[in-house]
Amino acid sequence: MKLTLSVIKADVGSVGGHTKPSSRMMATVDREVGKAIANGLLIDGFVCHTGDDIAIIMTHTWGEGDPEVHQFAWKTFLAATSIAKTSGLYGAGQDLLVDAPSGNVRGAGPAVAELSFDHSLSGSRPAESFMVFAADKCGPGAYNLPLYLAFADPMYCAGLMLPPMIKGFRFHVIDMDHTAGDSVIELDAPADSYHIAALLRDNERFGIDRIVSRTHNEVVTAVSAQRLHSIAGKYTGKDDPVAIVRNQGIFPAPEEIVSPFAKAHFVGGDARGSHVMPLMPVPLNTAVTGMYCLPIVSCAGFSIDKDGRFSESFTDFFDNPAWDEVRRLAQRKAIEMRSQGWSGAAMLPYSELEYGGFRDTVSSLLKRFQVREERKPEAAE
């Protein structure tokens, strides 16, 4: 069958500031997912949160962008929003940027990543496994470096030198500043590796939309490469992206995919979405409560049976003592960067400041600038 993986994630309210959704909100979303499975809309579903964002991970056969699946997610987030409002929680409905989208919710606020494939558990995919990355307090470009290293650099993915992957992967890179429609370029690694790097170095403008195997023409990765400020026209919260990555066999192994995250690389985000801070890998259902509001990322792994259902358990990739050292590294890097405060590289440039108040402050000051009159040299005696 043609199976679709859909991940839709949104911040619709959190307890004590932008920390985590309430237990009642999570229970409501989980209950609605159960109803959607029972009525046949979904084959299976899984609910988790990363920071203050609730993610719904789904399998179904309706294809990418299906209005019914997307409307189900939207109405479920509205139900969670209602609880957040009655409970007086922070940011209730924050990521729901339009009143009622008529079809799919891509471009309406929630982060959306989807991919479809022929699911038969035979041929080149005798077993189907995948990972879902969910990030909070950062933008879609946060995945640029780790995904590039996992799919284009044999120093991180030795599997690229094996026959199933030796032809490399095709990167679909999207210009996130282009709001009139998806503006995408397709570049092949390894042939176009330098061109890919030239684009992906700019995390705020260019992002990976999807990655395709050049050997098997199979989509391996899909990323929610949408910018909330481009949708809303103002700061409403950071973009908080999700990514689906299939693994094993003809694709990189899980350890090759997660190893680049050991860098705790710097990304745009943090408090008010306007700082440059390291990305910290964390277990599922981690609240944002540490100093500086570090950008965080979680990673859940699943296997899918012949009927499209998840295996009875899941893998929490970053819930491992090995990642404690990376978390300490991220915190050390964060302390050093934030010690620089507002100066220079510690904050995003003016053009990328997500919080509108910063721009208002600077704009009001710009009106007060005056061109200094040129001083005439004094006449020589």
Side-chain angles (χ1 to χ4, degrees), residues 5-39 41-42 44-60 66-114 132-138 224 226 228 231-232 235-242 244 273 282-289 293 296-298 300 310 314:
L5 299 176
S6 296
V7 181
I8 303 180
K9 179 166 78 77
D11 173 4
V12 292
S14 52
V15 181
H18 52 196
T19 61
K20 67 174 185 177
S22 71
S23 57
R24 286 181 59 207
M25 293 169 66
M26 294 296 291
T28 295
V29 175
D30 198 54
R31 183 170 59 251
E32 293 302 314
V33 168
K35 292 179 182 178
I37 295 170
N39 67 27
L41 178 65
L42 305 179
D44 210 345
F46 180 86
V47 179
C48 60
H49 76 84
T50 303
D52 52 12
D53 301 321
I54 301 174
I56 308 174
I57 303 170
M58 302 166 277
T59 61
H60 56 88
D66 179 73
E68 288 193 40
V69 172
H70 281 232
Q71 284 296 309
F72 153 73
W74 183 266
K75 291 175 182 177
T76 299
F77 286 134
L78 284 177
T81 296
S82 178
I83 293 172
K85 287 181 177 178
T86 58
S87 302
L89 302 190
Y90 176 80
Q94 176 174 286
D95 282 356
L96 307 183
L97 301 182
V98 299
D99 291 334
S102 58
N104 74 63
V105 303
R106 191 173 185 272
V112 180
E114 297 181 290
V132 172
F133 290 92
D136 187 23
K137 306 299 183 283
C138 59
S224 62
Q226 302 102 36
L228 289 184
I231 299 168
Y235 181 71
T236 61
K238 206 60 183 168
D239 310 287
D240 303 339
V242 292
I244 305 171
V282 297
L284 292 180
N285 303 321
T286 293
V288 175
T289 55
C293 180
I296 60 175
V297 60
S298 65
F310 301 142
F314 66 95

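- Residues Phe77 and Val105 form no side-chain contact, since every pair of their non-hydrogen atoms from C-beta on lies 4.5 Å or further apart.
- Partners of Lys9 under the side chain to side chain donor-acceptor pair (under 3.5 Å) rule, at least two apart in sequence or in another chain, are Asp53.
- The distance from atom OG of Ser6 to atom CD1 of Ile57, rounded to the nearest 0.5 Å, is 11.0 Å.
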### Message
Under the criterion side-chain contact (heavy atoms from CB on, under 4.5 Å), I'd like the reasoning laid out for Leu89 against Met25: C-alpha separation, chi angles, the key distance, then a yes or no.
### Response
CA-CA 11 Å; Leu89 302 190; Met25 293 169 66; 3.5 Å; yes
### Test log, rule side-chain contact (heavy atoms from CB on, under 4.5 Å), inputs Leu41 and Met58
CA-CA 10 Å; Leu41 178 65; Met58 302 166 277; over 6 Å; no
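- Across all their heavy atoms, Ala92 and Lys85 have their closest contact at CB-CG, 3.5 Å.
- Within the 4.5 Å cutoff, no side-chain heavy atoms of Val288 are placed close to those of Asp52.
- The minimum heavy-atom distance linking Ala36 with Phe72 is given by the pair CB-CE1, 3.7 Å.
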### Task
Show your working on side-chain contact (heavy atoms from CB on, under 4.5 Å) between Lys20 and Asn285 and close with a plain yes or no.
CA-CA 8 Å; Lys20 67 174 185 177; Asn285 303 321; over 6 Å; no
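- Counting heavy atoms from C-beta on, the side chains of Val132 and Phe46 never come closer than 4.5 Å.
- Scanning all heavy atoms of the two residues, the minimum distance from Asn104 to Arg106 falls at OD1-N, 3.0 Å.
- In summary, the side chains of His60 and Glu68 do not present any donor paired with an acceptor at a separation below 3.5 Å, with no hydrogens or angles considered.
- In this structure, the side chains of Phe314 and Leu284 come closer than 4.5 Å at one or more pairs of heavy atoms.
- With contacts defined as side-chain heavy-atom distances shorter than 4.5 Å, the pair Thr50/Val297 does not qualify.
- For Ser224 (side chain) and Pro241 (main-chain N/O), no donor-acceptor pair under 3.5 Å exists by modelled atom type.
- By the side chain to side chain donor-acceptor pair (under 3.5 Å) test, His49 is found to be paired with no residue, residues two or more places apart in sequence or in another chain being considered.
- Residues Leu5 and Thr59 form a side-chain contact, since some pair of their non-hydrogen atoms from C-beta on lies under 4.5 Å apart.
- The two residues Gly51 and Asp136 come nearest to each other via the heavy atoms CA-OD2, 3.4 Å.
- Minimum interatomic distance between Pro110 and Ile8 (heavy atoms only, all atoms of both residues): CB-CG2, 3.9 Å.
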Using atom types as modelled, flag every donor-acceptor pair under 3.5 Å from a side chain in residues 11-18 to any protein atom, sequence neighbours excluded.
{"residue": "Asp11", "atom": "OD1", "partner": "Gly13", "partner atom": "N", "Å": "3.2"}
{"residue": "Asp11", "atom": "OD2", "partner": "Gln94", "partner atom": "NE2", "Å": "3.0"}
{"residue": "Ser14", "atom": "OG", "partner": "Gly17", "partner atom": "O", "Å": "2.6"}

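- At distances below 3.5 Å, at least one donor-acceptor pair connects side-chain atoms of Thr86 with backbone N or O atoms of Ile83.
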#### Entry: Residue pair Lys137, Ile296: steps toward the side-chain contact (heavy atoms from CB on, under 4.5 Å) verdict
CA-CA 7 Å; Lys137 306 299 183 283; Ile296 60 175; 5.8 Å; no
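- The shortest heavy-atom contact between Pro21 and Ile54 is CG-CG1, 3.7 Å.
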